[in-house]
Amino acid sequence: MSFSVTFRDAAHDVRIVAPAGDLDAHTAPEFEAALQHAMAAGDVRLVVDASGLAYVSSAGVGVFMACLDPARDAGGDLKVAALSDRVRDVFDLLGVHEVLEVTPTVDDAVAAFP
Amino acid sequence: MSAPTIPHLLAAPTATRARRSALWGLVGTVLVAVAALRVTYASAGLLPTFATSAVLDGAALAALALAYRLVVAARGGAPASTPLRALGLATGALFVLAGVTALAESVLGVARLSPGGRPADSATALAGAAVGLAEGLTAVGVAASLRSLMLVARRRAVVVAWRVGLAAGVGSALLVAGRPPVEPPPEASLALLVLAVLAGTGLALRQSAPATLTGRDRWRGAGLAAGLLAAVAAVYVVRGFGPGGPGVPPLGMLVGRSPDTALTVASSVAAVYGVAALLALLIGLPGTAATERRDGERRALRALAGLSGQVLDRDALAAAVARGPVDAGLADAAWLVLADPTSGTLTPHVAAAEGLEVSEAEAVADHDALLKAAGGRALVLGRAAADYRVRARPGRGLGTLAVVPFTAGERTGAIVAARALPEAFESDDVSALETFAGQAGLALSHASLFAEALEREYLARELALARDVQRRLFPATLPAVDGLDLAAAEQPAREVGGDYYDAVRLGPACVGLLVADVSGKGAAAAFYMAELKGIVQAASRLTRAPGDLLAQANDSMGASLARGAFVSAAYAVVDADAGTLTLGRAGHCPPILARDPARADGGVWLLRPAGLAVGLDRQGAAFRRVLGEHTVTLAPGDVLVLYTDGLIEVRNPDGEEYGYERLAAAVAAQRDRSADDIRDALLDAHRTWSAGADASDDLSLLVMRWAGRAGVAVPPPADVLPPVTLRPAFP
């Protein structure tokens with residue numbers, strides 16, 4: 001299963017990150033590098049469009065957790081939108097939605113930025 | 001032995017070729033004009049004045065010098081194409097000359113010379129002119145052949161000796177200019193002749209070109225050397241003992257003494273060279289240069305071989321590789337270029353240099369282009385300063401550059417050897433460098449393999465250690481409590497998994513049951529596991545509330561978990577005296593509770609009290625706020641299964657996950673059996689589902705069956721399903 005990450009801009013100075021494929025121990029480093037790269041470039045208002053994610057392992061969840069605090073420390077935030085049922089199950093089970101904002105659609109996430 | 005590649009820059013452009021033709025025309029014109037004038041004088045029965053004769057001789061000698069330059073330039077100054085060919089050329093030229101002279105003399109019958117040394121008639125003059133021209137051109141051919149034979153493996157001394165010899169020969173010829181044939185040569189001319197022969201002798205004794213011949217070529221070389229001697233002898237015989245008889249000047253002298261003397265010098269040196277070559281080839285007497293170089297090569301290879309014991313230090317090995325050609329006398333400076341695709345550096349870089357700094361070596365040339373041009377074979381830039389890929393300016397002490405590539409495992413590289421003089425490598429040097437490069441490649445690849453093996457062994461040992469640590473973390477025995485039946489299993493997918501279970505005794509009739517999953521695997525996972533076990537062992541003595549224990553684990557581990565790492569856990573406390581079970585879940589797979597379906601509150605459920613995985617909220621406020629606890633009043637026959645996601649995420653050959661539903665159904669179906677039997681049945685179902693495929697995830701399993709206990713009342717059917725009460729752990 002191939003894995004890719006694309007970026008696009010949205011309103012409110014928000015950058016949308018769209019990973020696609022399986023986010024597991026093999027692809028997590030690539031995803032984390034993409035997020036770190038965006039944050040290093042000053043994009044700290046991030047929305048992950050998870051609609052293309054078919055599967056997220058615990059290593060994949062780790063990437064969200066690892067990037068959340070740096071984004072917030074830099075005055076931004078990391079929100080996740082458009083989870084598939086399968087991925088939402090993983091998030092719910094671990095309680096990820098309690099520590100980062102999960103919205104039904106990308107637009108909701110963008111609008112949730114102050 | 002592969003001949004060195006002569007780079008394109010030596011191929012003469014068209015403009016140069018046209019210029020060369022014009023110069024050859026000039027040579028021919030001057031020589032023919034000189035001969036014609038001599039013949040004209042002779043026909044008229046005149047002897048030219050000394051001055052006129054000297055000018056004619058000088059002109060002829062200048063033309064011959066130009067011819068020599070042209071022959072040498074046409075060869076591009078390259079090392080002799082082969083020593084055999086050069087030997088053959090010199091021998092052939094001398095034989096042809098002997099033949100021409102003999103023919104001329106036999107046609108004329110008796111050389112007809114006037115008392116003053118003048119030719120007696122036009123026929124003699126004509127024949128003399130022809131022989132004289134042939135002598136001059138032969139001298140040029142022999143000199144050019146000797147040059148390519150002697151000017152190999154250039155050192156400064158070799159070049160100096162050659163130039164001295166050449167200058168002495170020309171000087172010797174110049175000093176006889178204008179003198180009539182019958183007059184003996186001046187002593188100075190003879191002295192210069194001796195000097196030229198001495199220089200030639202020095203070069204001949206050093207000669208390495210024929211000494212490198214092997215096998216049948218050796219015999220051919222010896223034959224040609226003998227032929228060369230015979231040819232020289234033939235020339236002397238026909239000149240001295242021809243029809244004119246002893247004491248009569250050779251025919252060639254009739255048109256000028258300088259070309260004739262040039263031939264004398266050239267053929268004398270050729271004779272010395274022939275003797276030296278014959279001895280070298282027949283007796284195997286190596287030239288001094290060859291001996292020196294063999295010694296050097298041996299030293300270099302020995303140094304490299306000695307270094308294979310030091311493969312641990314790859315920098316030292318690289319430095320030794322760069323030092324090798326310099327130590328062996330094969331180069332004035334050398335450096336090692338490596339391109340390592342495995343490290344992502346595709347552009348070759350200088351790993352070590354000898355005779356100059358690494359940064360200087362890096363700046364000398366475009367190594368990438370050179371390696372590409374070499375294409376796996378040795379590339380010799382005879383005039384490196386003129387090559388577009390070489391950045392060092394002329395005059396910076398860079399004459400010749402040899403790029404000798406090698407492969408070392410997945411890496412490719414090259415030894416670059418530099419000489420201050422141009423055209424300083426002969427094919428023999430290049431093959432020595434190739435041998436050396438092959439050895440270097442081998443040593444470097446051994447060093448790499450050794451380092452990799454060491455790394456692998458280190459990792460394997462680390463993993464084995466971690467696995468050992470992990471094995472000790474799992475409880476050796478499960479606590480025995482009246483009324484409770486416990487069973488557990490763990491099955492790591494790889495050497496060290498991230499799963500962990502434990503069963504701790506909290507009191508005479510009270511146990512804590514934990515199943516946890518650390519994100520990640522390997523040594524780090526084993527470390528987190530050990531930390532978790534310590535926390536569980538310590539905190540379980542202080543609290544019987546699952547939520548409290550999980551919160552303490554979150555507080556403690558939040559500081560030590562790597563960024564993005566977390567632990568999911570389910571912790572149940574069973575109080576056998578009270579017949580209750582309390583469960584906390586920190587982001588873990590929901591435990592399964594199965595109750596006798598005969599009861600009104602019977603069935604099977606996934607218990608999912610709210611809770612964050614340990615490490616998601618490291619401040620702990622959200623962790624405590626969210627965390628809930630389920631309490632179950634146990635009925636006899638109740639089964640609780642704690643497990644990790646390896647049990648439910650296993651896929652069958654069609655790619656379908658086992659899933660919660662099937663697991664819950666399997667637990668319900670086995671509910672009546674012992675904890676051991678339930679565990680075995682679940683593991684069997686797991687194996688059957690995966691159809692023997694290697695489990696991609698590890699799994700842990702803890703099964704508890706409540707048999708009931710004397711003095712503990714059987715609870716009435718619960719009025720809610722699942723039969724649990726939920727309350728926040730930190731109200």
Side-chain angles (χ1 to χ4, degrees), chain A residues 1 17 19 21-40 46 48 54-74 77-80 83-102, chain B residues 493-494 497-499 516-522 524-525 550 554 558 561-570 584-591 606 608-628 644-646 648-649 651 655 657 659-660 696-698:
Chain A
M1 180 88 191
V17 190
D22 283 359
L23 181 56
D24 54 24
H26 298 292
T27 56
E30 186 184 340
F31 183 47
E32 178 157 6
L35 286 175
Q36 298 287 6
H37 186 75
M39 288 193 287
L46 294 164
V48 176
Y55 168 79
V56 176
S57 77
S58 60
V61 172
V63 176
F64 291 95
M65 301 319 301
C67 295
L68 181 63
D69 284 347
R72 285 182 179 165
D73 290 348
D77 198 5
L78 178 75
K79 302 181 196 295
V80 184
L83 295 171
S84 67
D85 288 349
R86 184 146 183 252
V87 175
R88 191 178 17 251
D89 282 347
V90 175
F91 274 48
D92 286 355
L93 204 61
L94 290 167
V96 176
H97 58 288
E98 297 286 350
V99 286
L100 61 73
E101 193 168 348
V102 178
Chain B
R494 283 193 244 155
D499 282 8
D517 188 353
V518 176
S519 71
K521 292 190 167 53
L550 291 171
N554 188 60
L561 282 168
R563 242 162 45 110
F566 54 87
V567 180
S568 73
R585 189 189 66 91
H588 199 74
C589 301
L606 295 165
R608 195 167 166 171
L612 303 184
V614 169
L616 289 194
D617 170 46
R618 299 195 178 177
Q619 280 76 44
F623 186 90
R624 285 180 164 78
R625 174 174 52 76
V626 171
L627 194 64
T644 55
D645 54 9
I648 48 154
E649 286 185 354
R651 290 172 187 273
E657 268 189 9
Y660 294 111
S696 63
D697 203 357
D698 41 4

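Protein chains get the first letters and strands the later ones, always in sequence-line order, with residue 1 at the start of each.
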Which atoms of B:Glu657 approach chain A - backbone, side chain, both or neither, heavy atom under 4.5 Å: side chain
Chain A shares the most heavy-atom pairs under 4.5 Å, among B:Val626, B:Asp617, B:Leu612, with B:Leu612
Do A:Val102 and A:Phe64 have side-chain heavy atoms sitting under 4.5 Å apart? no
A side-chain contact here means heavy atoms from C-beta on lying under 4.5 Å apart; do B:Arg625 and A:Glu98 qualify? yes
Taking every non-hydrogen pair under 4.5 Å, which of A:Leu100, A:Leu93, A:Asp92, A:Val99 racks up the most with chain B? A:Leu93
Sort A:Phe91 into side chain, backbone, both or neither according to what part of it lies under 4.5 angstrom from a heavy atom of chain B. neither
Quick one: does A:Asp77's side chain have a donor or acceptor within less than 3.5 Å of a partner on A:Arg72's backbone? no
Close side-chain approach of A:Val96 to A:Met65, heavy-atom, < 4.5 Å: yes
Which portion of B:Arg608 sits near chain A, non-hydrogen atoms under 4.5 angstrom: side chain
So do the side chains of A:Met39 and A:Leu46 get within less than 4.5 Å of each other, counting heavy atoms only? yes
Less than 4.5 Å to any heavy atom of chain B: does that hold for the side chain of A:Asp24, its backbone, both, or neither? neither
